[in-house]
Engineer: 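First the structure, then my questions, so here it is.
Proteins come first, then strands; the chains are lettered A, B, ... in the order of their sequence lines, and each starts at number 1.
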Number of protein chains: 2
Amino acid sequence: MADKREEILLVAERLFGDNGFDGTSVRDIAQHANVNLAMISYYFGSKEKLLEALLEQRANYTILEALNKDESLTPWEKIDRVIDFYVDKIMSNLCLHNIMQQGNNSRSDEIKELVTKIKLRNFEQIKKILLDGQKKKFFRKVDIELTVGTVMGTISQTTIARHFYNSIFNIEKNNDEAYRKKITPRLKSHLKQLLRAHLDIKNEE
Amino acid sequence: MADKREEILLVAERLFGDNGFDGTSVRDIAQHANVNLAMISYYFGSKEKLLEALLEQRANYTILEALNKDESLTPWEKIDRVIDFYVDKIMSNLCLHNIMQQGNNSRSDEIKELVTKIKLRNFEQIKKILLDGQKKKFFRKVDIELTVGTVMGTISQTTIARHFYNSIFNIEKNNDEAYRKKITPRLKSHLKQLLRAHLDIKNEE
DNA sequence: GCCAAAATTAAACAAACGTTTGAATTAAAC
DNA sequence: GTTTAATTCAAACGTTTGTTTAATTTTGGC
């Protein structure tokens, strides 16, 4: 059955996201997926290959390439859409996002490079929007690389430091749905307000 | 000798930061610290207690409480100083910062709460500056919690996604010094420019 | 219904893990 | 110099780790 393979991926995503790669044993995964231990090696070859397969399969979920194709949108509209898209995707894939964050610290260079490659694709898209907005004199001169880092970093912060925000916002921990509901709209409007001021050519010094 | 204890902490900081808590064995630590394996249990009780000791010992390094005491500074000056202080501290403690990021995902609630507590202290300081600036009509109305998140997140991003920025900025990996030199001034001026626009009361809608 | 391929299983593997033990060594106190 | 406590050590402890094996069951084509 092919749905066992799928089940393994699904469970691995949750456990890797919650406990980290090293903090999750293949026995944990097998048990939660109701699958024999050996099936993981059988389908994926190894634990690390399982992580690679997971990242490769899910990578496309968080890619926003289509957006830049739409010529009718102004740079400001594109920025708003990027924020909506990006926040939604990450908020509905908290575990996967956690895995990608951890992937940066992986001891495996293959994983590190895979994660970097995925991030790079999104980075290039946002960068293109910023450059275009500058050319059209909507946006002022800013540090483009770090501006993208601010967007990614602000969003990441709400997942990395989730325990921290739970504490601030009085959200019971492990309640994914409550967290999403509370954070998503705030995050979107904060980022839009932030970038509107930061990028506006009227604020050029 | 008490310097063995210190050596263990020093090595643990580097290894936990590089490979994660689960990715570092007590044997790794003992070997790199030139210390017998049993000394770690002897001094700290357990591997987890070692991490707790590490966080507690280093926590004060990244606390910026003194700043708010200075009444002669305007809110704008305080913002600039916070940025300088925070960026410098994190950039010169990359490993420790990595550990704290990972700590958010620790399976130990004690660790999670310890990290949250440390972050909360800094959070409160920055929050105080923002509130004060709003009261004095320097700053406009913004989402304070997420504005702090933006500052922390932007800085964190440069350490979490370091492999990513290495790739963008063409820095050879594992060269901490080159990374610091390249990123620090850019990060400071980007954050100052960002917050100047974001907080300025002239941008009030 | 037979057969080869694919899927599934329990069991075993060696290696690595965190921790403990009890003896040996060093340091400090008197 | 003797005694007591603190330190250091090699060795072993029992688990848990990721992976493999070889036997068994299920599946799909003919």
Engineer: Is A/Asn36 near enough to C/dA7 that one of its side-chain N or O atoms lies under 4.0 angstrom from OP1 or OP2?
Structural biologist: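 Looking at the OP1 and OP2 atoms of C/dA7, neither is under 4.0 Å from any side-chain N or O of A/Asn36.
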Engineer: Is the phosphate of D/dT8 approached by B/Lys4 (side-chain N or O, under 4.0 Å from OP1 or OP2)?
Structural biologist: yes
Engineer: To the nearest Å, give me how far apart CD (B/Glu7) and C1' (D/dT7) are.
Structural biologist: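 One finds 17 Å between C1' of D/dT7 and CD of B/Glu7, rounded.
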Engineer: Separation of B/Gln31 atom CD from D/dC9 atom C1', in whole Å?
Structural biologist: 16 Å
Engineer: What nucleotide among C/dA7, D/dT20, C/dT20 has an atom nearest to a side-chain atom of B/Ala38?
Structural biologist: C/dT20
Engineer: Pick the nucleotide of DNA chain D nearest each of A/Gly45 and A/Asp28; which residue has the one closer to the 5' end?
Structural biologist: A/Asp28
Engineer: Roughly how many Å is it from CG in B/Asp22 to P in D/dG18, rounded to a whole number?
Structural biologist: 11 Å
Engineer: For the residue pair B/Ser156 and B/Gln101, confirm or rule out a side-chain donor-acceptor distance under 3.5 Å.
Structural biologist: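 Yes - a donor-acceptor pair under 3.5 Å links their side chains.
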Engineer: Side chains of B/Lys119 and B/Val115: does their closest heavy-atom pair fall under 4.5 Å?
Structural biologist: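 B/Lys119 vs B/Val115: side chains touch.
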Engineer: OP1 or OP2 of C/dA6 less than 4.0 angstrom from a side-chain nitrogen or oxygen of A/Tyr43, does that happen here?
Structural biologist: no
Engineer: Taking CG from A/Asn34 and C1' from C/dT9, how many angstroms apart are they, rounded to a whole number?
Structural biologist: 14 Å
Engineer: Sort out the partner of D/dT16 for me: Watson-Crick or G-U wobble, both distances under 3.5 Å, none otherwise.
Structural biologist: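 Partner of D/dT16: C/dA15.
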Engineer: How many whole angstroms separate atom CZ of B/Arg107 from atom P of D/dT16?
Structural biologist: 14 Å
Engineer: Send over the distance from B/Arg27 CZ to D/dA12 P, rounded to a whole Å.
Structural biologist: 13 Å
Engineer: Answer with yes or no whether the side chains of B/Thr147 and B/His198 bring together a donor and an acceptor at under 3.5 Å.
Structural biologist: yes
Engineer: Starting the side chain at C-beta, find the nucleotide from D/dT19, D/dT21, C/dT19 nearest to B/Lys47.
Structural biologist: C/dT19
Engineer: Counting distance only, does the side-chain N/O of B/Asp143 pair as donor-acceptor with the main-chain N or O of B/Leu146 below 3.5 Å?
Structural biologist: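 Confirmed, B/Asp143 side chain pairs with B/Leu146 backbone.
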Engineer: Determine: side-chain N/O of B/Tyr42 to OP1/OP2 of D/dA6, distance under 4.0 Å, yes or no.
Structural biologist: no
Engineer: For the residue pair B/Phe21 and B/Phe16, does the interplanar ring angle fall in the parallel (under 30°), tilted (30 to 60°) or perpendicular (over 60°) class?
Structural biologist: tilted
Engineer: Any side-chain N or O of A/Ser46 below 4.0 angstrom from OP1/OP2 of D/dG18?
Structural biologist: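 No, outside the criterion.
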Engineer: Round to the nearest Å and state the distance from A/Ile40 atom CD1 to D/dT17 atom P.
Structural biologist: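 Rounded to whole Å, this separation is 12 Å.
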Engineer: Partner of D/dA5 by Watson-Crick or G-U wobble geometry, both contacts under 3.5 Å, or none?
Structural biologist: C/dT26
Engineer: If the cut-off is 4.0 Å, is A/Ser25 near the phosphate of D/dT17, judged by side-chain N/O to OP1 or OP2?
Structural biologist: yes
Engineer: Could you work out which one of C/dA12, C/dG18, D/dT7 sits closest to the side chain of B/Met39?
Structural biologist: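 Within the option list, the nearest is D/dT7.
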Engineer: In whole angstroms, how far is the P atom of C/dG18 from the CZ atom of B/Phe16?
Structural biologist: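 Atom CZ in B/Phe16 sits about 9 Å away from atom P in C/dG18.
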